[in-house]
Amino acid sequence: MERISLAEVRHVAQLARLQLSDEELAVLQGELSSLLDHVEAIVALPTEGVAPTAHPLPLSNVLRPDVPGPCLEQRDALAAAPEAAEGRFLVPRILGEAP
Amino acid sequence: MPEGFDLVVGLEVHCELSTATKLFCACPNAFGSEPNTNVCPVCLGLPGSLPVLNERAVEFAIRIGRALNCEVRPAVFHRKNYFYPDMPKDYQITQYDEPTNVDGFLELRDGSRVGIVRAHIEEDTGKSTHLGGSGRIHGADHSLIDYNRAGVPLVEIVSAPDITSAAQAREYVSELRAVLVATGASDGRMEEGSLRVDANVSVRPAGAAELGTRCEIKNLNSLRSLVRAIEHEAARQAALVSAGGVVRQETRHWDEEAGVTHPLRSKEEAYDYRYFPEPDLVPLVPDAELIERAEAAIGLMPAARRERLVALVGEGDSPGLADQVQTAIELSLDQLVLDAVAAGAEPRLALARAANEAAAKAEGARALSATAFAELLGLESAGTLSATQSKQVLAVLIDEGGAPAEIARRLGFEALEGGEVESIIDEVVAANTAEWERYLAGDEKVAGFLLGQVMKASKGRANGKIVAAALAKRRG
Amino acid sequence: MTLLGRGVAGIAAAVRSKEASAREVLAESLAAIEQLEGELHCFHTVMAERAEAAAAALDEKVARGEDPGLLAGVPVALKDNMCTKGTVTTCSSRILENWVPPYDATVVTRLRAAGAVVVGKTNLDEFAMGSSTENSAFGPTRNPWDTARVPGGSSGGSAAAVAAGMVPLAYGSDTGGSIRQPASLCGVVGVKPTYGLVSRYGLVAFASSLDQIGPFTLSVADSALGLEAVAGHDPADSTSIDRPATSYAGLLEEGVEGLRVGLIEDFVSEVSPSCAEAARAAAEALGAAGAKVEEVSIPEVLHGLPAYYVIAPAEASSNLARYDGVRYGLRVGGPDVAAMNARTRGAGFGKEVRRRVMVGTYALSAGYYDAYYGQAQRVRTLVVEAFARAYERFDVLVAPMTPSEAFRLGEKTANPLDMYVSDVCAVPSNLAGHPAVSVPFALGAEGLPVGVQVLAPALGEGLMYRAAAVLEQAAPPAARGPVRPGGERRA
Ligand SMILES: [Mg+2]
Ligand SMILES: [Zn+2]
């Protein structure tokens with residue numbers, strides 16, 4: 001019994017915006033499952049009352065003054081664009097508004 | 001509200017902050033530039049770029065929090081992950097479960113309080129325009145993306161579900177806008193998208209304790225759409241429940257032209273944002289000094305300013321007066337009125353000119369010299385300028401500055417000499433002998449006609465009051 | 001002796017004194033690259049023209065009597081995940097195959113300011129995900145000691161380029177051992193500095209809370225110079241430590257007399273006999289030099305690997321979302337933008353990257369966050385606290401660097417977990433944000449170099465280098481580069 005179902009793998013691929021073939025999904029199901037088995041060693045560790053560490057440095061309040069600096073030229077901003085028109089990045093049609 | 005139902009509304013207001021630069025980079029925070037010119041590696045999400053938090057955006061956010069009676073707390077930025085082409089990194093940096101401002105309230109004009117759950121800092125997205133088809137997102141062939149707005153600082157103000165009518169929702173947004181402008185953190189312009197409102201709407205059987213399922217309505221670009229959308233959505237949900245149906249939790253789009261809301265996404269596409277602490281930023285822990293500095297910079301709140309203004313012009317015996325007071329407060333023109341009155345202007349005239357004529361050019365009007373404004377109102381009160389002339393002079397004064405009397409002369413609004421008025425009356429009498437006879441015989445109906453003829457012959461330079469007096473004098 | 005053979009400090013001194021020109025040094029470097037690149041494949045891009053212009057400009061600066069900088073005329077190679085304005089930066093990925101950044105990483109700016117001459121961009125595992133440099137979309141790099149073997153990874157191109165004597169100094173990035181592990185496998189010195197010591201601005205992110213840039217060199221003294229040149233506060237990186245840069249060169253002679261040294265026994269039992277023996281011998285060498293050496297058990301460090309393989313992919317899944325075909329890089333067209341995104345990413349990312357993006361997405365997703373990502377962060381705290389306790393008793397810690405000597409190409413590509421285990425001794429330092437160095441210390445049973453790791457608390461680079469310098473003295477010269485392909489010693 002794999003730790004993660006094929007349907008879950010498919011759902012995760014969708015969340016990650018990765019188009020994968022059925023074969024690739026099946027391989028990933030096995031790999032993800034064995035990786036999760038490996039990770040199980042820490043999932044079971046008692047950590048009640050332990051604060052999470054998101055960051056190795058005890059820094060806070062790193063701020064910059066509200067002073068304008070140089071921008072890219074429009075042509076440099078668009079230079080690497082796969083497609084552009086009218087000074088903007090061109091993309092295929094968008095289905096649905098932002099969530 | 002449909003019979004037998006209670007309405008429950010919570011509002012999410014996104015407010016763009018009036019900083020000089022974006023939230024995480026030094027690009028100008030400017031509206032209306034050429035596309036993709038206010039961009040850099042950071043706000044384009046180029047590989048390797050990193051965000052650095054704008055100090056002033058933080059101060060503005062705290063001003064807003066304190067003005068809304070919030071507790072200001074240590075905060076952690078998170079990443080909200082979802083793919084959308086107007087978002088350069090395909091995640092939004094926002095505050096999640098530890099926002100800067102929590103637990104406040106806004107008191108409305110009628111004394112009711114709407115709870116503020118949180119007011120958190122986040123970055124804005126870019127803007128897309130849609131090509132082909134209808135020019136709207138649906139049916140378009142392609143979209144074009146401009147990232148000038150990407151990374152502009154926002155504060156998202158989330159109200160408690162304390163609002164019980166569309167009218168109260170309108171009142172909330174309008175008062176909130178006045179508060180935001182008063183803090184100096186925002187220009188409050190809904191039409192330019194500086195203020196954007198989403199409404200969470202639900203209904204429940206009258207008196208029921210449990211909340212109904214809510215729908216989130218997007219695309220509310222004006223107070224008018226807000227009211228219409230809430231009314232429509234309430235009616236839709238009530239009809240659905242009355243007919244034995246259930247309301248589905250979903251996001252709906254307000255269609256201004258059709259006057260209806262329609263669903264944006266189906267349930268199976270529900271998003272999973274995978275929030276986690278933003279590792280490229282460190283916690284924001286406002287210290288007492290920063291909070292004090294922010295508080296000190298907050299102007300007098302609208303409620304207090306409203307009181308002050310009402311004390312000056314009196315309670316409204318005409319319904320228009322209360323509206324004028326509110327407009328002046330919302331647009332922060334009340335200080336101008338106060339200063340003009342202190343400089344000798346007549347209070348109600350000052351308020352009327354501020355709330356009606358100056359309001360159209362509010363930004364310029366806020367910078368207007370109160371002395372010049374008072375001088376202009378003095379000319380109007382004395383009858384040297386007619387109301388129409390005074391309004392025209394005011395428009396020039398706001399745009400260009402200068403001395404009102406000088407502007408009036410330039411526009412040809414010099415009051416006519418007494419002799420000139422008399423000679424024009426002579427001409428009018430000679431050209432309209434029949435009407436003049438009727439006037440002399442006591443026919444009041446013709447008085448207005450004669451006055452109009454004199455004004456016309458003077459090309460608007462004569463003062464109506466003076467002409468009327470001169471006509472009356474000839475009749476004896 | 002060749003100019004390159006003088007090392008970083010020697011070259012800078014020669015160029016500064018006009019004994020040699022930056023152009024002469026560069027010519028040696030370009031010739032070595034020309035000669036060896038075909039066999040080793042260390043580089044994606046060799047910037048010969050730009051480098052020649054930079055060397056000429058530096059020579060003029062010297063001629064004008066101006067200070068040419070700490071790294072005057074030193075040829076430098078950069079892992080190809082550091083942005084170079086106007087020069088393609090690929091991260092060894094199809095998705096960025098032709099991407100030319102419009103800006104320089106802060107390290108690049110600093111290196112140029114220090115007089116270094118950037119000669120090229122080196123091969124890596126795609127987006128720095130890997131331990132062998134086999135996960136490069138453009139072919140693997142080979143270990144100069146034995147071209148049938150991997151150089152380690154992910155900074156394999158930089159490690160091998162220094163080991164083969166193509167450049168005296170190269171930079172890599174270390175997220176979970178990606179500098180130290182290839183340094184160990186190639187017989188060179190590799191340092192992962194304290195998190196926040198070197199700016200990450202312009203380093204293409206893999207896992208933001210773990211990534212650090214650091215130097216590869218043939219000697220400890222050169223490493224200290226290479227680190228000093230790029231370290232120091234950068235306002236463009238919010239996680240940069242706001243402290244003036246320090247010079248480590250003066251500390252190297254101080255020795256370890258009286259220092260308290262702990263040998264982490266939990267790692268010793270995890271590695272091959274040769275690697276374990278090297279670590280024990282290193283501890284003894286420090287003892288012989290006057291340090292007080294003890295074995296210490298820090299069992300929490302063994303939780304590091306599973307915690308790392310949750311945290312790093314989770315951050316990566318978010319960092320790599322931006323490669324969506326909209327603004328730069330590869331686009332594979334589709335009927336709508338979501339389809340275009342998915343096709344682009346499916347085709348543009350290699351296997352290992354797709355795998356880690358999947359793991360990371362899963363670990364952050366609704367219902368799993370707390371069990372995986374949240375738990376891994378709490379375990380991270382346990383690791384940090386365990387180190388803190390250890391550093392109450394010890395000034396520095398010593399450990400093996402890798403579980404084995406360099407393995408054969410293809411040996412560990414079938415099962416990802418086999419490869420992941422390469423980082424077991426490395427990742428705790430990344431989780432804690434502490435500095436660590438791999439020093440070449442022995443030749444193993446297979447005749448290949450074996451490194452030993454010195455770990456220090458945050459900002460303990462000075463102590464770390466002092467211990468490393470002592471180990472360098474104690475190590476047999478045969479254990480370190482430069483070597484020609486096949487392990488032949490270079491003159
Ligand atoms: Mg939001
Ligand atoms: Zn920017």
Side-chain angles (χ1 to χ4, degrees), chain B residues 24-26 36 39-55 77-93 96-97 126 128 130 137-138 140-147 150 269-284, chain C residues 81-83 89 91 95-96 99 101-106 127 196 199-205 207-211 234-240 311 314-315 317-329 337-338 340-342 345 360-369 373-374 377:
Chain B
F24 297 121
C25 63
N36 295 304
V39 292
C40 71
V42 176
C43 58
L44 272 182
L46 296 191
S49 64
L50 295 171
V52 186
L53 185 58
N54 182 338
E55 184 176 37
F77 285 93
H78 276 65
R79 291 187 185 176
K80 180 182 183 180
N81 294 284
Y82 63 94
F83 285 88
Y84 206 75
D86 66 12
M87 206 163 52
K89 305 179 293 296
D90 289 299
Y91 57 79
Q92 181 194 31
I93 303 178
Y96 178 51
D97 53 357
S128 8
H130 309 293
I137 189 162
H138 298 288
D141 300 325
H142 294 283
S143 296
L144 293 176
I145 307 174
D146 169 13
Y147 292 105
E269 285 177 83
Y271 264 88
D272 177 350
Y273 293 121
R274 289 161 282 137
Y275 282 99
F276 75 102
E278 164 58 284
D280 289 330
L281 292 170
V282 299
L284 174 61
Chain C
N81 61 353
M82 300 176 202
C83 288
T89 298
C91 295
I95 218 157
L96 283 180
W99 184 58
Y103 77 107
D104 275 326
T106 298
F127 285 104
S199 170
R200 292 184 297 117
Y201 190 76
L203 168 69
V204 180
S208 312
S209 78
L210 303 164
D211 297 341
D234 178 12
D237 176 357
S238 306
T239 63
S240 166
I311 292 170
E315 292 184 10
S317 72
S318 175
N319 281 330
L320 270 62
R322 68 189 66 192
Y323 307 103
D324 60 5
V326 174
R327 291 158 300 277
Y328 41 78
V337 77
M340 181 277 280
N341 294 156
R345 294 165 58 76
T361 303
Y362 180 79
L364 289 175
S365 67
Y368 297 106
Y369 180 93
Y373 190 73
Q377 284 196 325

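Letters go in sequence order (proteins before strands), and every chain restarts at 1. Just so it is clear, the values below take in all heavy atoms, side chains as well, and ignore hydrogens, waters and symmetry mates.
Heavy atoms closer than 4.5 Å to chain C are found in the side chain of B:Tyr91, but not in its backbone. Residue contact with chain C, scored on non-hydrogen atoms closer than 4.5 Å, involves the backbone and the side chain of B:Asp280 alike. If you measure heavy-atom distances from C:Tyr103 to chain B, the contacts under 4.5 Å come from the side chain alone. Proximity to chain B (any heavy atom under 4.5 Å) is shown, for C:Pro101, by neither the backbone nor the side chain. The contact between C:Thr361 and chain B is made by backbone and side chain atoms together, counting heavy-atom distances below 4.5 Å.
Between the C:Ser238 side chain and the B:Pro51 main chain, a donor and an acceptor come within less than 3.5 Å of each other. B:Glu278 places no side-chain N or O within donor-acceptor distance of the main-chain N or O of B:Phe77, the cut-off being under 3.5 Å.
Counting heavy-atom pairs closer than 4.5 Å to chain C, the top residue among B:Ile145, B:Val282, B:Leu46 is B:Leu46. Per-residue counts of heavy-atom pairs under 4.5 Å with chain B were compared for C:Leu203, C:Asp211, C:Asn81; the largest is that of C:Leu203. Top candidate by heavy-atom pairs under 4.5 Å with chain C, chosen from B:Pro279, B:Pro47, B:Pro277, is B:Pro47. Of the listed residues C:Ala363, C:Ser199, C:Ser365, C:Ala105, the one with more heavy-atom pairs under 4.5 angstrom with chain B than any other is C:Ser365.
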task = Would you sort out whether C:Asp234 and C:Ser240 count as a side-chain hydrogen bond (donor to acceptor under 3.5 Å, both in side chains), showing the intermediate values?
result = CA-CA 6 Å; C:Asp234 178 12; C:Ser240 166; over 6 Å; no

query = Going through the distances and angles, do B:Asn36 and C:Arg327 end up as a side-chain hydrogen bond (donor to acceptor under 3.5 Å, both in side chains)?
reply = CA-CA 11 Å; B:Asn36 295 304; C:Arg327 291 158 300 277; over 6 Å; no

task = Just do the side chain to side chain contact (heavy atoms under 4.5 Å, CB included) check on B:Arg274 and C:Ser318 with the steps written out, would you?
result = CA-CA 9 Å; B:Arg274 289 161 282 137; C:Ser318 175; over 6 Å; no

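For B:Tyr275 and C:Tyr369, the ring centers sit 6.0 Å or farther from each other. In summary, the aromatic rings of C:Tyr368 and C:Tyr362 are positioned with their centroids under 6.0 Å apart.
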